[in-house]
Protein chains: 2
Amino acid sequence: MKRKVTLKQIAKELDVSISTVSKSLRDSSEISEDTRLKVQAFAKLYNYKPNLIALSLKNRKTKTIGIIIPEIVHHFFATVISGIEHVANEKGYNVIVTLSDESFDKEVINMDMLANGSIDGFIMSLSKETQLRKDFHHITEVINQGMPVVMFDRVTNDILCDKVIIDDNLAAFEAVQKLIDANFKHIALITTVDYVSVGKLRTDGYVKALKANNMEVDSNLILKIEDIDNCTEQIENLINNNKIDAVFAVNELFAVTAIKAAKKRGIIVPDDMAVIGFTDGIISKYSSPSITTVGQNGIEMGGKAAQMLIDRLETELEEEEHYKTEVIETHLVIRESTPTL
Amino acid sequence: MKRKVTLKQIAKELDVSISTVSKSLRDSSEISEDTRLKVQAFAKLYNYKPNLIALSLKNRKTKTIGIIIPEIVHHFFATVISGIEHVANEKGYNVIVTLSDESFDKEVINMDMLANGSIDGFIMSLSKETQLRKDFHHITEVINQGMPVVMFDRVTNDILCDKVIIDDNLAAFEAVQKLIDANFKHIALITTVDYVSVGKLRTDGYVKALKANNMEVDSNLILKIEDIDNCTEQIENLINNNKIDAVFAVNELFAVTAIKAAKKRGIIVPDDMAVIGFTDGIISKYSSPSITTVGQNGIEMGGKAAQMLIDRLETELEEEEHYKTEVIETHLVIRESTPTL
DNA sequence: TGTCAACACGAAAACGTTTTCGCAACCTGT
DNA sequence: ACAGGTTGCGAAAACGTTTTCGTGTTGACA
């Protein structure tokens, strides 16, 4: 159990100064080739690696990115992390992951915790509660301290910073338009409550599509779900009590639950009812029938977010107020839950 | 854009020494109530928070746990991280996540990167390639430096450290035994290649169950899959070319693919063929029919691992060679892919 | 031989903390 | 009035780096 060797120890061992050791290892021309090689050999022998914490303190850079997401047990967020991790790693950054569990308080606590020197910048997606309360003081505070923040997916206009999103409104519009094109007349919407930003945008897209085609927006066909864990009953009610020939759901879970509800009722998907979901995750791919869905590339989103953050970190120019919002392309992944359109 | 305030700045501003400020903030009795309150008020006003990097350097503790897993876009690993993050957070630790992508080299690189001061200990699950090569020098090295390591799920006997596992062998045995009890006679196994530790153990459990019941182990009914991404064809072959009335699969993907293959052939699950999978994730829950599976509680595993690591970190006693292996209970989650047993 | 540059290296500051120790100034009791 | 004990605070070391600046030794050159 040998502790990690430090410059000081090498210096002592070789009877030179710490400076000499440091310079030797960094191949400074100040040091004679003799000592340089001697030091380097010794360092290699003892497997010297500079202590990153000490470097962080000295350089005031940690080469670490902080991530705050609502939860990780959620395929989309997992893919985003994966995307972040890969480009971060490529650029020599580590990622430190914290979960808000959709709680405002945890989001704040985690942010405070990381903001005290542990990281160089944030990549985050807002918790539901934060979106509900519209309280973003913790984020502005961090930004004011000069720490860059990149938000993705669940963002807000109340904060000025770099963002990576998809065009939820457009994607929803296009998905519903597809259903309309395929001659479906009674298209239901299963969505979240309005304060969830992406839910609201997708809802708007649905409404827009109907209106653009002069179709009536029937509020009975719009189900807004608050508690995602207990959506089954509500969705069954929706399907059992209405004449519906297509469903647009704002996430995978709602989509698959709708299919199960239909199946229970003897409604065949896609013959009697078409379903389009949102997010191309595990569920859409492996459920039976597999689900046509709006694919949002989480890996790409994460990668882009990391890219933007690192760019900002590494251009010292402090070009404030030059924030960009990147829009990642979505695409409809056609599967079995829709008839060949 | 005000930089974070430091002790030094407070000291200067209040015309006292840094020591005085530090002590005041830590409520030292050495300092008069007068100055103490004055400093505290000032600190609160400027929202002083100690710099964690500086503390890490001083205390030689980062209060951060390093995680190395094969991939994160995998429900089981995501749940484990979730478990780790929650107990870590509770104890005041952060987690830094790195992915090996099943690659030995990335595993080594990530380990080296984190071992240089960034973290206090590791929680990890071996990459496939590492298991194949049986090269664990990077892990022993880290352990020898006095940094605790907790391994979970994909572990190895070649390393002495704390471990959290499930009894893969027993769980597989019991699952297969269930099938046998239900009078299935031709039970196929879809598993991974042998070097994946958990795959091997589950395979052994399958064999053991058959033998224990004096059933023949038919190698035609055992499919070992190397490339998990292209398993469909092999699984279809297995099902199409053999008389099979039940399938035991060592993961969700194989299970759902088997069901799809059966469906394609007009075989009804569970009436004509029963399926039991492994890992109670998204797929098992939402596929149709939903899949009976061996549940391994990732949250619990992660939580336990974090607990063990933190315990070891916080008992200075250095009680080496007293490593424990925790076995997390599994349980069969009965769903639609098996007849009521 | 004296001067000046080149060379090779070391001392020290800095990053932001905590903590040990020392040292004044004051107070107490005789 | 003086020994001894509090009280309140500051200096400095330490954690492990990097880097600036200084400095002593050499060699060359006039």
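Lettering follows sequence order; numbering is per chain, from 1. Side chains are part of it too, since the values below use all heavy atoms of this structure and drop only hydrogens, waters and symmetry mates.
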- salt bridge (Lys or Arg N to Asp or Glu O under 4.0 Å) pairs, two or more places apart, involving residues 36-52 of chain B: B:Asp27-B:Arg36
- Could you list all the salt bridge (Lys or Arg N to Asp or Glu O under 4.0 Å) pairs where at least one residue sits in residues 135-144 of chain A, not counting sequence neighbours? none
- Query: Which of these passes side-chain contact (heavy atoms from CB on, under 4.5 Å) with B:Val21: B:Thr35, B:Leu14, B:Ile10?
  - Reply: B:Ile10
With 3.5 Å as the limit, what N/O pairs link the protein to nucleotides 21-23 of chain C?
from	atom 1	to	atom 2	distance (Å)
C:dC21	N4	B:Glu30	OE2	3.4

- Counting N and O atoms only, with roles assigned by atom type, does the side chain of A:Glu107 sit under 3.5 Å from a partner on the main chain of A:Thr130, one being a donor and the other an acceptor? no
- Item | For B:Tyr93, side chain to side chain donor-acceptor pair (under 3.5 Å) partners two or more places apart | B:Glu314
- Double-helix bend of the helix from C:dT1-D:dA30 to C:dC26-D:dG5, axes at both ends from 5 pairs, round to 10°, gives 90°
- Answer yes or no: does atom NZ of A:Lys304 have more than 12 heavy-atom neighbours from other residues, nucleotides or ligands under 6.0 Å? no
- side chain to side chain contact (heavy atoms under 4.5 Å, CB included) partners for A:Ser118, two or more places apart: A:Leu114, B:Leu52
- Task: For A:Phe76, enumerate each residue passing the ring-ring contact (aromatic ring centres under 6.0 Å, His included) test, keeping only those at least two apart in sequence or located in another chain.
- Result: none
- Message: Within a 6.0 Å radius of atom NZ on B:Lys4, are there more than 12 heavy atoms belonging to other residues, nucleotides or ligands?
- Response: yes
- Query: With a 4.5 Å heavy-atom cut-off, do A:Ile69 and A:Met124 have their side chains touching?
  - Reply: no
- Query: For the side-chain contact (heavy atoms from CB on, under 4.5 Å) test, which of A:Lys63, A:Lys91, A:Glu90 pairs with A:Ile310?
  - Reply: A:Lys91
- Span of DNA chain D in contact with chain B (heavy atoms, under 4.0 Å): D:dG8 to D:dG16
- Between A:Asn94 and A:Thr64, do the side chains contain an N or O donor and an N or O acceptor separated by less than 3.5 Å? no
- Classify the nucleic acid contact of A:Lys4 as base, sugar-phosphate or nothing, counting any heavy atom under 4.0 Å across all strands shown. nothing
- Considering only heavy atoms, which members of residues 52-60 of chain B lie under 4.0 Å from some atom of DNA chain D? B:Leu57, B:Lys58, B:Arg60
- Task: Could you list by number each residue of residues 8-22 of chain A showing a heavy-atom separation from DNA chain D of less than 4.0 Å, or answer none if no residue does?
- Result: A:Lys8, A:Ile18, A:Ser19, A:Ser22
- Applying side chain to side chain donor-acceptor pair (under 3.5 Å) to B:Tyr46 and not counting sequence neighbours gives none
- Task: Any salt bridge (Lys or Arg N to Asp or Glu O under 4.0 Å) involving residues 152-161 of chain B? Give me the pairs, sequence neighbours left out, ordered by first then second residue.
- Result: B:Glu102-B:Arg154
- Task: State, yes or no, whether a side-chain contact exists between A:Tyr48 and A:Gln9 at a heavy-atom distance under 4.5 Å.
- Result: no
